[in-house]
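In what follows, residues are counted from 1 in the order of the sequence shown.
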Amino acid sequence: MKYNRCGKSGLLLPEISLGLWHNFGSVDNFDNAENIAVEAFDKGITHYDLANNYGPVPGSAETNFGKILWHNFQGNLRDEIIISTKAGYTMWDGPYGDWGSRKYLLSSLDQSLKRMKVDYVDIFYSHRPDPETPIEETMMALDYAVRSGKALYVGISNYSAEQTRVAVDVLKQLGTPCLIHQAKYSMLQRWVEDGLLDVLEEKGVGCVAFSPLAQGLLTDKYLNGIPENSRAHNPNGHLREDEVTQERIQKLIQLNEIAQNRNQSLAQMALAWLQKDKRITSVLIGASSVKQLCNNIDCLQNTEFTHDELNEIEKILA
């Protein structure tokens, strides 16, 4: 495992991070979740990414991760891992459980710390921009999270290039630099290439790519249609059946042929493809089993692409 410098900060993040969006909630098998988290650390993954509403039920991924910490990462081991969490999507009913107000963000952070039974998180994110709240208020909340000792660094997620520029500038004025932007980025979702990555490079901010496999689309699971045990069939999943079109399946089949010629699975190639851009600090993967985790980490065995491979991939994705 390599560790990349996060923007112009002193923090290093592993080139692969583990996301707890799926498979760590109260509806999931705890022993399986614990085995995944421990194996990830043994493989060199030091960054665990959460959000207040991860579950289901909302909050349960943080609660379960707190138990995993207690069982496996006591003492100095806490100093060897990076814990990130976020607030910005609906967490509780009423006017104060959503979006980007100072009230919501700081209340949510306190709740997250209690669920995980930790004194601080390493990174606290504004999970999405709030169109009704001044961006200065949201950034002031992040600044306070650091000054109060409840977070070491702060970041933003799902902000556009222009929103990112404003947020980074406000945080700089407040004296708490923006460490990182977490953005949805994959072969099938490339909006970050239209300005965001340029802003991050200019401002010295790191980037974590989430949903790098497009909710499982960029795997061999959908090459023959939609299987019964897939996320597209899961009512708790975020991939809809109507997103698995015949046109997309044909693209996946062609991409899979390139991957096989590289002695990789489609998923491994899709993860390696993101790492070709040095502006990407870390790629955030999920896992439903230790086997899947290890298979995805094996993408690191081949992260180089020939000019012809990249051109062929672009033709398929066009």
Side-chain angles (χ1 to χ4, degrees), residues 2-17 19 46-47 49 51 82 84-88 100 105 121-131 133-147 151-212 270-284 303-305 307 310 313-314 317:
K2 292 195 306 183
Y3 300 86
N4 298 321
R5 188 162 302 279
C6 192
K8 293 182 179 178
S9 77
L11 187 67
L12 301 176
L13 290 181
E15 51 192 339
I16 296 287
S17 297
T46 54
H47 177 207
D49 182 76
I82 301 294
S84 60
T85 196
K86 319 174 196 72
L105 292 177
V121 292
D122 297 276
I123 306 170
F124 181 52
Y125 288 93
S126 167
H127 207 168
R128 62 172 170 173
D130 182 350
T133 299
I135 201 166
E136 291 82 2
E137 177 180 339
T138 301
M139 295 307 110
M140 286 177 66
L142 296 184
D143 172 65
Y144 178 80
V146 171
R147 294 184 185 278
L152 301 186
Y153 302 91
V154 294
I156 56 178
S157 182
N158 299 305
Y159 280 56
S160 69
E162 186 53 39
Q163 290 168 331
T164 296
R165 184 181 295 278
V166 174
V168 170
D169 288 345
V170 171
L171 281 170
K172 183 177 181 180
Q173 293 168 9
L174 292 169
T176 298
C178 182
L179 174 80
I180 197 162
H181 187 298
Q182 188 173 131
K184 192 173 188 177
Y185 187 24
S186 71
M187 283 180 163
L188 302 178
Q189 177 64 267
R190 300 175 64 175
W191 70 276
V192 302
E193 297 172 4
D194 297 327
L196 177 62
L197 289 176
D198 293 332
V199 171
L200 298 180
E201 183 176 32
E202 173 194 340
K203 298 293 186 179
V205 178
C207 186
V208 170
F210 79 86
S211 290
L271 295 172
W273 181 86
L274 287 171
Q275 292 166 343
K276 72 185 187 308
D277 192 323
K278 300 309 176 186
R279 295 171 295 184
I280 301 299
T281 311
S282 185
V283 176
L284 189 63
T303 59
E304 300 295 326
F305 288 83
H307 186 70
L310 291 176
I313 289 171
E314 289 300 325
L317 296 176

Rounded to the nearest 0.5 Å, what separates atom CZ in Arg190 from atom OH in Tyr185?
6.0 Å

Which heavy atom of Lys203 sits nearest a heavy atom of Asp169, and at what distance?
NZ-OD1, 2.8 Å

Can you establish whether the number of heavy atoms outside Tyr144 located under 6.0 Å from its atom OH is more than 12?
no

Sequence neighbours left out, cut at 3.5 Å: what donor-acceptor pairs do the side chains of residues 194-202 make with other protein atoms?
from	atom 1	to	atom 2	distance (Å)
Asp198	OD1	Arg279	NH1	2.8
Glu202	OE1	Arg165	NH1	3.3
Glu202	OE1	Arg165	NH2	3.2
Glu202	OE2	Arg165	NH1	3.0

Distance-minimising heavy-atom pair for Ile156 and Met139
CG2-CE, 4.0 Å

Test ring-ring contact (aromatic ring centres under 6.0 Å, His included) applied to His181 - qualifying residues, sequence neighbours left out
none

Rounded to the nearest 0.5 Å, the CG atom of Leu179 sits from the OH atom of Tyr153 at a distance of 6.5 Å

To check you understand the geometry: which heavy-atom pair defines the closest contact between Ala145 and Phe124, and what is its length?
CB-CD2, 4.0 Å

Side-chain contact test, heavy atoms from C-beta onward, threshold under 4.5 Å: evaluate it for Leu310 versus Trp273 and give yes or no.
yes

Ile180 vs Leu13, side-chain contact (heavy atoms from CB on, under 4.5 Å): CA-CA, chis, key distance, verdict
CA-CA 11 Å; Ile180 197 162; Leu13 290 181; 3.6 Å; yes

Arg147 CZ to Thr176 OG1 distance, which is reported to the nearest 0.5 Å:
4.5 Å

Does Glu304 CD have over 12 foreign heavy atoms under 6.0 Å away?
no

His47 and its side chain to side chain contact (heavy atoms under 4.5 Å, CB included) partner, picked from Thr281, Ile16, Ile82:
Ile82

Taken to the nearest 0.5 Å, the spacing of Asp130 CG from Ile135 CD1 works out to 10.0 Å

Flag for Ser126-Thr138: side-chain donor and acceptor within less than 3.5 Å:
no

Before giving the answer on side-chain hydrogen bond (donor to acceptor under 3.5 Å, both in side chains), spell out for Gln163 and Ser160 the whole-Å C-alpha distance, their side-chain angles and the decisive distance to 0.1 Å.
CA-CA 5 Å; Gln163 290 168 331; Ser160 69; 3.2 Å; yes

Would you give the length of the straight line joining atom CG of Leu171 to atom CD of Glu136, rounded to the nearest 0.5 angstrom?
10.5 Å

Quick check on Lys276: does its NZ atom have over 12 non-hydrogen neighbours (other residues, nucleotides or ligands) under 6.0 Å away?
yes

What is the minimum heavy-atom distance between Gln182 and Leu284, and which atoms define it?
OE1-CD2, 3.5 Å

Would you check if the side chain of Asn4 reaches a backbone N or O of Ser282 as a donor-acceptor pair within less than 3.5 Å?
no

When you look at Ile313 and Phe305, which way does the side-chain contact (heavy atoms from CB on, under 4.5 Å) test go after all the steps?
CA-CA 10 Å; Ile313 289 171; Phe305 288 83; 4.0 Å; yes

Candidate pair Tyr125 and Asp49, rule side-chain contact (heavy atoms from CB on, under 4.5 Å), full reasoning
CA-CA 10 Å; Tyr125 288 93; Asp49 182 76; 3.9 Å; yes

Check against side-chain contact (heavy atoms from CB on, under 4.5 Å), Phe210 and Asn158
CA-CA 10 Å; Phe210 79 86; Asn158 299 305; 3.6 Å; yes

What one should report as the nearest heavy-atom pair of Leu274 and Ile280 is O-CG1, 3.7 Å

I need the Lys86 NZ to Ser157 OG distance, nearest 0.5 Å.
6.5 Å

Correct closest heavy-atom pair for Cys178 and Val205 would be O-CG2, 3.6 Å

